[in-house]
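Note that this is a predicted model, so its numbers are computed, not measured. Numbers here are sequence positions counted from 1.
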Amino acid sequence: MATYDCIGATYNHTRRPDHRIAVKIHEALGDAGIVINVGAGAGSYEPPQTVLAVEPSSVMIAQRPAGSARALQASAESIPIADDSADAAMALLTVHHWRNLEAGIGELLRIARQRVVIFTWDQAVFRRFWLLDEYLPEVAAFVDARAVLIDRLIALLGGARMETVPIPHDCTDGFGAAFWRRPEAYLDPEVRAGISMLAQSGEEVLRRGLDRLSSDLSSGLWHARHADLLDREAADVGYRLLVADL
């Protein structure tokens, strides 16, 4: 069963694409006229020139909006389409879920003629995010075990340029560190359900750390400790775009 058949049911509520991140992704795709989205989920950030979405989870496919590109239920590691089927292949916040990273990257390179674009994160930076560092060390360890190192991705791609993606303080896409200036959001079960590292860790693992976060918010301790964040418009919490020109 695909992971997101279990944890992806609420994505359309909390994982709405952020237009500022969309601009960066679409700029990275450049002049690609035909795009295939691999690990496509519910279709976030797909540009108009997307012709196919590859996604293993039927739950996620069912959440794709009307008018989206055709969805093919398949895994990234084995995509049943011809070589060089698109100008660009993109894979957004998905490679850490793949069972065979080498096979999946090989498929991206096989189906793309001009470019591969991957949206992921640098675990060395993400590990310092206050939620993991101060409140949820068990989740930090969980992510450590599953994160894909940037250098490994670049090597598998045969080289790529890396772009930092600052996350706006009011980001509409509720992924892992999107609420870096809105800590109360992590106390909302629906928000947590849309963040794979939290949904997969389970409430028992999260309870003690979230109770401490709730207490620190009530007492003002969190705001005192992180006063430097409160006036920032955007922050680098580790998210990166990798762009490989073929």
Side-chain angles (χ1 to χ4, degrees), residues 2 4 15-57 60-61 64-65 67-123 125 147-167 173 175 236 238-246:
Y4 280 84
R15 297 294 302 271
R16 293 173 289 115
D18 187 277
H19 66 93
R20 293 151 295 193
I21 296 173
V23 166
K24 287 192 169 290
I25 292 170
H26 296 172
E27 286 177 347
L29 290 167
D31 61 356
I34 300 173
V35 174
I36 293 176
N37 187 11
V38 178
S44 293
Y45 304 108
E46 288 180 3
Q49 64 268 36
T50 305
V51 298
L52 182 68
V54 179
E55 169 56 44
S57 168
M60 299 304 288
I61 290 173
R64 293 175 61 79
S68 296
R70 178 174 71 89
L72 173 65
Q73 189 170 5
S75 71
E77 296 90 342
S78 181
I79 304 173
I81 59 175
D83 295 359
D84 299 328
S85 290
D87 296 323
M90 69 180 195
L92 311 180
L93 295 179
T94 179
V95 296
H96 55 291
H97 291 300
W98 296 357
R99 291 182 176 145
N100 186 326
L101 182 68
E102 289 82 0
I105 298 298
E107 286 290 82
L108 297 182
L109 294 170
R110 181 183 68 81
I111 66 175
R113 291 186 290 266
Q114 299 175 2
R115 189 168 299 114
V116 172
V117 174
I118 295 176
F119 184 35
T120 184
W121 72 86
D122 182 341
Q123 180 63 3
V125 179
V148 180
L149 297 179
I150 294 288
D151 287 348
R152 185 182 178 199
L153 280 172
I154 291 175
L156 290 172
L157 290 167
R161 68 180 185 272
M162 183 174 70
E163 302 176 10
T164 297
V165 182
I167 305 304
D173 190 347
F175 46 69
D236 176 10
Y239 292 93
R240 303 290 184 261
L241 273 173
L242 299 182
V243 184
D245 292 318
L246 308 181

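- No donor-acceptor distance shorter than 3.5 angstrom exists from the side chain of Q73 to the backbone of V54, with no hydrogens or angles considered.
- Checked by atom type and distance alone, the side chain of T50 pairs as donor or acceptor with a backbone atom of P47 at under 3.5 Å.
- Residues E107 and E102 fail the side-chain proximity criterion, which asks for heavy atoms closer than 4.5 Å.
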_side-chain contact (heavy atoms from CB on, under 4.5 Å) between V116 and L246, worked out_ = CA-CA 8 Å; V116 172; L246 308 181; 4.2 Å; yes

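- The two residues D84 and A112 come nearest to each other via the heavy atoms OD1-O, 3.7 Å.
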_Could you go through L101 and L153, starting from their C-alpha distance and side-chain angles, then the distance that decides it, and tell me whether this counts as side-chain contact (heavy atoms from CB on, under 4.5 Å)?_
CA-CA 9 Å; L101 182 68; L153 280 172; 4.1 Å; yes

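- Side-chain contact between I118 and L108: present, with at least one pair of heavy atoms (C-beta onward) separated by less than 4.5 Å.
- With R64 contributing its side chain and A69 its backbone, the two residues share a donor-acceptor pair below 3.5 Å.
- In this structure, R240 contributes its side chain and T164 its backbone to no donor-acceptor pair below 3.5 Å.
- Contact check on D245 versus R115 returns a salt bridge, with a Lys/Arg side-chain nitrogen under 4.0 Å from an Asp/Glu carboxylate oxygen.
- Between the CD1 atom in I25 and the CG atom in L92 there is a gap of 4.5 Å [rounded to 0.5 Å].
- Side-chain atoms of Q114 do not come within 3.5 Å of backbone N or O of A88 as any donor-acceptor pair.
- The aromatic rings of F119 and Y239 sit tilted, their planes meeting at an angle between 30° and 60°.
- A donor-acceptor pair is defined here as one N or O able to donate and one able to accept, closer than 3.5 Å; no such pair exists between the side chain of T94 and the backbone of A91.
- Across every non-hydrogen atom of D87 and G33, the tightest pair is OD2-N, 2.8 Å.
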*Go through the steps to decide whether D173 and R15 satisfy the test salt bridge (charged side-chain N to carboxylate O under 4.0 Å, His left out), and finish with yes or no.*
CA-CA 4 Å; D173 190 347; R15 297 294 302 271; 2.5 Å; yes

*Show the numbers, then the answer: is there a side-chain contact (heavy atoms from CB on, under 4.5 Å) between L242 and I154?*
CA-CA 8 Å; L242 299 182; I154 291 175; 4.2 Å; yes

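- Inspection of the N37 and E46 side chains reveals an N or O donor paired with an N or O acceptor under 3.5 Å.
- Nearest heavy-atom pair, L241 versus A28, reported as atom, atom and distance to 0.1 Å: CD1-CB, 4.2 Å.
- Here the shortest heavy-atom pairing between A74 and P80 reads CB-CD, 3.9 Å.
- Taking every heavy atom of both residues into account, V165 and K24 meet most closely at CG1-CD, 4.0 Å.
- Side-chain atoms of E77 do not come within 3.5 Å of backbone N or O of G104 as any donor-acceptor pair.
- Using a 4.5 Å heavy-atom cutoff, the side chains of I34 and R113 are in contact.
- Atom CH2 of W98 sits about 4.5 Å away from atom CD1 of I105, to the nearest 0.5 Å.
- Side-chain N or O atoms of R110 include one that pairs as donor or acceptor with a backbone N or O of I81 at under 3.5 Å.
- Between S85 and I36 the shortest heavy-atom distance is CB-CD1, 4.0 Å.
- A side-chain donor-acceptor contact under 3.5 Å links Y45 to the backbone of D18.
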